[in-house]
2 protein chains.
Amino acid sequence: MNFNKTTTYAFKVLILMSHNDQLDYTSTYLSEKLNIQMQYLRRLLTDLSKAGFIQSKRGKNGGFVFAKSIKNIFLSDIIDAVEGLEKFNSCMLENHDCNKEGKCSFHDAFGEIKNKMTDALKTTTLFDLKEKSIIT
Amino acid sequence: MNFNKTTTYAFKVLILMSHNDQLDYTSTYLSEKLNIQMQYLRRLLTDLSKAGFIQSKRGKNGGFVFAKSIKNIFLSDIIDAVEGLEKFNSCMLENHDCNKEGKCSFHDAFGEIKNKMTDALKTTTLFDLKEKSIIT
DNA sequence: GCAAAATAATACATCAAGGTAGTATTTATG
DNA sequence: CATAAATACTACCTTGATGTATTATTTTGC
Ligand code: SF4
Ligand code: SF4
């Protein structure tokens with residue numbers, strides 16, 4: 001019940017950026033502030049650009065800004081872009097032949113909980129997280 | 001929100017074995033029935049023995065049987081033995097400096113859901129899963 | 001007591017995620 | 001237009017999870 005590292009990085013970056021969602025953030029700044037290695041972060045930022053969350057400005061005074069309103073970026077979108085959302089809905093036993101409700105107690109026992117989790121991810125935006133976040 | 005492969009194997013093995021919890025199951029049988037590679041499964045079975053869930057009988061007519069009642073084997077025990085239970089309770093953002101409630105919206109948004117998940121794992125036994133499981 | 005059937009142990013192979021380095025490209029500004 | 005400051009790209013390294021192969025050990029039953 002965790003995201004992979006890259007997804008976690010993505011969250012941290014975007015949450016930090018959402019503190020001032022009009023600002024340009026350089027990869028150097030983000031890297032130092034969040035303790036994420038430069039090169040890896042750069043790739044991630046490029047990916048997040050290609051996914052449409054942020055946009056890059058190359059050259060001097062460049063950096064990254066949101067490409068759209070943080071009210072329109074759902075947590076599920078971020079997960080989906082980085083590690084894919086499939087596994088959050090798929091069988092916890094990786095029994096790919098089966099996907100039927102009511103066939104296995106696992107499904108019954110955790111299906112509802114998983115759905116709530118997924119719902120939360122699909123309805124929570126970066127804006128929603130903004131105020132209370134301690135991640136600086 | 002998934003277990004790693006080894007944990008999934010462990011679940012499948014133990015769930016299958018719990019269908020008839022007095023029987024000896026050979027690694028060959030389990031391997032073929034569940035499509036798990038022999039050598040890897042063997043190691044897992046040895047680990048599950050050492051963890052006290054099952055016991056091994058070496059030599060001809062050997063195999064593995066439960067070492068204790070399946071009413072006393074909680075899903076959380078299995079996870080804990082194989083991949084550790086820590087991450088099911090730790091910060092989803094891997095912000096290891098912090099572990100305070102109310103400090104970050106993430107915590108508020110998903111804390112309750114995670115607790116329910118953990119509770120379910122800690123109160124559900126192999127016996128509870130027995131009847132309805134389709135995993136043969 | 002020997003052969004067959006089982007587990008145990010050990011060492012090595014493979015693969016994907018994550019991490020690192022070096023070079024190329026773009027752009028603002030003096 | 002040259003330089004500095006930024007991102008983009010590409011190739012390689014490291015590590016941990018998973019997979020495979022080989023050999024050793026134990027036990028049963030003829
Ligand atoms: S019924 Fe069980 S095996 Fe089938 S998809 Fe649901 S959890 Fe997986
Ligand atoms: S408050 Fe946020 S950062 Fe801190 S432990 Fe909870 S989820 Fe993690």
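Letters A, B, ... mirror the listed sequences (proteins, then strands); counts begin at 1.
- Using a 4.0 Å heavy-atom criterion, one finds that Ser49(B) contacts no nucleic acid atom at all.
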Any chance you could lay out the side chain to side chain donor-acceptor pair (under 3.5 Å) test for Gln55(B) and Ser49(B), step after step, and finish with the verdict? CA-CA 5 Å; Gln55(B) 56 192 175; Ser49(B) 300; over 6 Å; no
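- Whole-Å rounding puts the Leu44(A) CG to dC9(D) P distance at 14 Å.
- Taking the six-membered ring wherever Trp is involved, the centroid distance between the rings of Phe11(B) and Phe3(B) falls below 6.0 Å.
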Watson-Crick and G-U pairing of DNA chain D, under 3.5 Å, as dot-bracket with | and [ ]: ||||||||||||||||||||||||||||||
Classify every nucleotide of nucleotides 12-25 of chain C by which part a protein heavy atom approaches to under 4.0 Å, writing B for the base, S for the sugar-phosphate alone and - for neither, in 5'-to-3' order. ------BBBBB--B
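- A side-chain N or O of Thr7(A) and one of Asn4(A) form a donor-acceptor pair less than 3.5 Å apart.
- Look at Thr26(A) and you won't find any side-chain N or O under 4.0 angstrom from OP1 or OP2 of dA6(D).
- Side-chain N/O atoms of Asp128(B) and Thr125(B) include a donor and acceptor closer than 3.5 Å.
- Following rounding to the nearest Å, Leu45(B) (CG) and dA6(C) (P) show an atom-to-atom distance of 14 Å.
- Of the side-chain N and O atoms in Thr46(A), one or more sit less than 4.0 angstrom from OP1 or OP2 of dA8(D).
- In this structure, Ser56(B) contributes its side chain and Arg58(B) its backbone to no donor-acceptor pair below 3.5 Å.
- Within residues 59-68 of chain A, the residues having any heavy atom under 4.0 Å from DNA chain C are, by residue number, Gly59(A), Lys60(A), Asn61(A).
- Regarding contacts with the backbone of dT25(D), every side-chain N or O of Lys57(B) stays at 4.0 angstrom or more from both OP1 and OP2.
- Note on Ile78(A): it clusters hydrophobically with Phe127(A), by side-chain heavy-atom contacts below 4.5 Å among ILVMFWY residues.
- No side-chain donor from either of Tyr40(B) and Ser31(B) sits under 3.5 Å from a side-chain acceptor of the other.
- OP1 and OP2 of dA6(C) both lie 4.0 Å or more from every side-chain N or O belonging to Thr28(B).
- Between Asp47(B) atom CG and dG19(D) atom P there is a gap of 14 Å when expressed in whole angstrom units.
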